[in-house]
Visitor: 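Please read through the structure below; I'll follow up with questions.
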Amino acid sequence: DTEVTQTPKHLVMGMTNKKSLKCEQHMGHRAMYWYKQKAKKPPELMFVYSYEKLSINESVPSRFSPECPNSSLLNLHLHALQPEDSALYLCASSQMGSPYNEQFFGPGTRLTVL
Amino acid sequence: AQTVTQSQPEMSVQEAETVTLSCTYDTSESDYYLFWYKQPPSRQMILVIRQEAYKQQNATENRFSVNFQKAAKSFSLKISDSQLGDAAMYFCAYRSENGGFKTIFGAGTRLFVKA
């Protein structure tokens with residue numbers, strides 16, 4: 001199983017809503033990532049978890065709150081988002097050990113903030 | 001800080017022909033890793049090919065090969081016998097040996113394949 005799954009596929013939310021994005025992998029990867037991707041742009045790294053601990057936070061606003069409850073799951077909690085946060089949110093995972101290891105990406109959640 | 005530059009926003013190739021996508025990068029490090037990722041429209045991003053900077057031999061994966069010029073800081077992707085399924089956005093990416101799994105992506109090149 002070399003798949004990273006993400007739910008939901010699409011999400012529309014208002015600026016006062018609270019929602020969560022979910023990512024799951026069963027490849028035994030202990031590095032998991034959240035990226036934000038605007039249209040026709042490259043992915044921008046938001047967070048990296050290593051062994052379920054947050055190891056990189058790219059100065060992301062606190063309205064985005066990541067969580068890694070176990071080695072297979074990664075969540076991104078959203079609260080009080082702004083319209084400019086509308087984007088494709090990608091989850092990825094990789095083995096630990098070397099930066100050469102392949103990242104496996106999920107299909108993404110397309111988020112629209114009204 | 002490291003940067004990755006893809007100077008071709010769009011490229012077009014005829015089916016069965018060969019196309020080369022350009023990528024240059026800037027770094028002061030000696031140990032690093034380079035990648036090409038493919039993102040088809042509305043589909044998942046996948047790894048196409050990767051190269052370890054300490055290896056002089058260019059990586060090859062079936063129809064995909066790279067021309068890695070370390071001194072010139074260049075890492076181009078050659079796609080041979082182009083197929084309709086190769087149409088996608090291609091991102092060149094850099095990872096440092098000591099970067100804590102941070103990936104730096106180029107702006108991307110949109111490849112169109114004509115039948």
Side-chain angles (χ1 to χ4, degrees), chain A residues 2-7 9-10 23-25 27 29-60 68 74 87-110, chain B residues 1-10 21 23 25 27 29-55 59 61 66 68 88-112:
Chain A
T2 58
E3 191 179 23
V4 176
T5 59
Q6 291 187 245
T7 55
K9 284 186 169 42
H10 301 274
C23 172
E24 193 165 5
Q25 57 86 16
M27 294 178 277
H29 293 168
R30 302 302 292 276
M32 296 188 76
Y33 313 76
W34 280 116
Y35 289 90
K36 173 183 178 181
Q37 187 177 26
K38 298 285 254 185
K40 299 184 181 180
K41 296 290 186 184
E44 298 173 34
L45 183 66
M46 300 175 73
F47 304 103
V48 180
Y49 273 82
S50 307
Y51 296 112
E52 296 84 70
K53 292 191 189 315
L54 185 65
S55 59
I56 295 179
N57 177 341
E58 290 289 282
S59 302
V60 178
C68 191
L74 186 66
L88 182 68
Y89 288 84
L90 296 173
C91 174
S93 70
S94 70
Q95 289 182 344
M96 294 293 293
S98 169
Y100 186 67
N101 291 330
E102 179 178 355
Q103 284 187 86
F104 291 82
F105 286 83
T109 293
R110 189 159 300 281
Chain B
Q2 298 85 17
T3 59
V4 177
T5 302
Q6 294 179 250
S7 58
Q8 305 152 316
E10 293 184 354
L21 308 185
C23 173
Y25 59 93
T27 183
E29 299 174 326
S30 57
D31 293 327
Y32 51 88
Y33 307 87
L34 298 165
F35 306 81
W36 278 98
Y37 281 92
K38 170 185 177 182
Q39 189 175 35
S42 301
R43 292 182 60 189
Q44 277 161 264
M45 186 174 297
I46 59 171
L47 177 68
V48 175
I49 196 166
R50 53 186 165 170
Q51 176 87 36
E52 295 162 288
Y54 69 86
K55 286 190 176 178
E61 289 286 345
V66 297
F68 173 48
M89 182 72 91
Y90 286 81
F91 293 103
C92 180
Y94 173 102
R95 272 187 152 186
S96 167
E97 177 66 42
N98 301 307
F101 296 92
K102 181 176 178 178
T103 303
I104 300 167
F105 288 93
T109 296
R110 171 73 67 185
L111 178 67
F112 298 92

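Chain naming here is simple, since letters A, B, ... match the order of the sequence lines and numbering starts at 1 in each. What you are looking at is a predicted structure, and each value in this text was computed from that prediction instead of being measured.
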Visitor: Can you confirm whether B/R50 is buried at CZ, in the sense that more than 12 heavy atoms of other residues, nucleotides or ligands lie under 6.0 Å from that atom?
Guide: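 Result for CZ/B/R50: enclosed.
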
Visitor: Need one label for A/Q6: side chain, backbone, both or neither, based on atoms under 4.5 Å from any heavy atom in chain B.
Guide: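 When you check distances to chain B, no heavy atom of A/Q6 falls under 4.5 Å.
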
Visitor: To the nearest 0.5 Å, tell me how far A/F104 CZ sits from B/Q44 CD.
Guide: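 Going from the CZ atom of A/F104 to the CD atom of B/Q44 covers 11.0 Å.
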
Visitor: Would you say NZ of A/K38 has more than 12 non-hydrogen atoms from neighbouring residues, nucleotides or ligands within 6.0 angstrom?
Guide: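 Above 12, so yes.
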
Visitor: To the nearest 0.5 Å, what is the distance between OG1 on B/T103 and OH on A/Y33?
Guide: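 Taking OG1 in B/T103 and OH in A/Y33, the distance rounds to 6.0 Å.
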
Visitor: Would you mind checking which part of B/R43 comes under 4.5 Å of any heavy atom in chain A, side chain (CB onward), backbone (N, CA, C, O), both or neither?
Guide: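 When you check distances to chain A, no heavy atom of B/R43 falls under 4.5 Å.
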
Visitor: Counting heavy-atom pairs closer than 4.5 Å to chain A, which one of B/K102, B/Q51, B/E97 comes out on top?
Guide: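 Most pairs with chain A among the choices: B/K102.
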
Visitor: Rounded to the nearest 0.5 Å, how far does CZ of B/F91 lie from CD of A/Q37?
Guide: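 Taking CD in A/Q37 and CZ in B/F91, the distance rounds to 5.0 Å.
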
Visitor: Atom OG in A/S55, atom CZ in B/F101: separation rounded to 0.5 Å?
Guide: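 The CZ atom of B/F101 is 8.0 Å from OG of A/S55, to the nearest 0.5 Å.
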
Visitor: Which bit of A/E44 comes within less than 4.5 Å of chain B, counting heavy atoms only: side chain, backbone, both or neither?
Guide: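 A/E44 has no heavy atom closer than 4.5 Å to chain B.
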
Visitor: So, taking the atom named OG in B/S42 and the one named NZ in A/K9, what distance separates them when rounded to the nearest 0.5 Å?
Guide: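 It comes to 12.0 Å.
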
Visitor: Is there a side chain to side chain contact (heavy atoms under 4.5 Å, CB included) between A/Q103 and B/Y37? Walk through the geometry before answering.
Guide: CA-CA 10 Å; A/Q103 284 187 86; B/Y37 281 92; 3.5 Å; yes

Visitor: Measuring from A/Y100:OH to B/K55:NZ, what's the distance to the nearest 0.5 Å?
Guide: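 Going from the OH atom of A/Y100 to the NZ atom of B/K55 covers 5.5 Å.
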
Visitor: Which pair of non-hydrogen atoms, one from B/F105 and one from A/P42, has the smallest distance, and what is that distance?
Guide: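 Result for this residue pair: CB-CB, 3.7 Å.
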
Visitor: What's the shortest heavy-atom distance between A/P99 and B/S96, and which atoms?
Guide: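 Of all heavy-atom pairs spanning A/P99 and B/S96, the closest is CG-O, 3.3 Å.
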
Visitor: How close do B/Q39 and A/L90 get, heavy atom to heavy atom, and via which atoms?
Guide: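 Looking at all heavy atoms of both residues, the shortest contact is NE2-CD1, 4.3 Å.
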
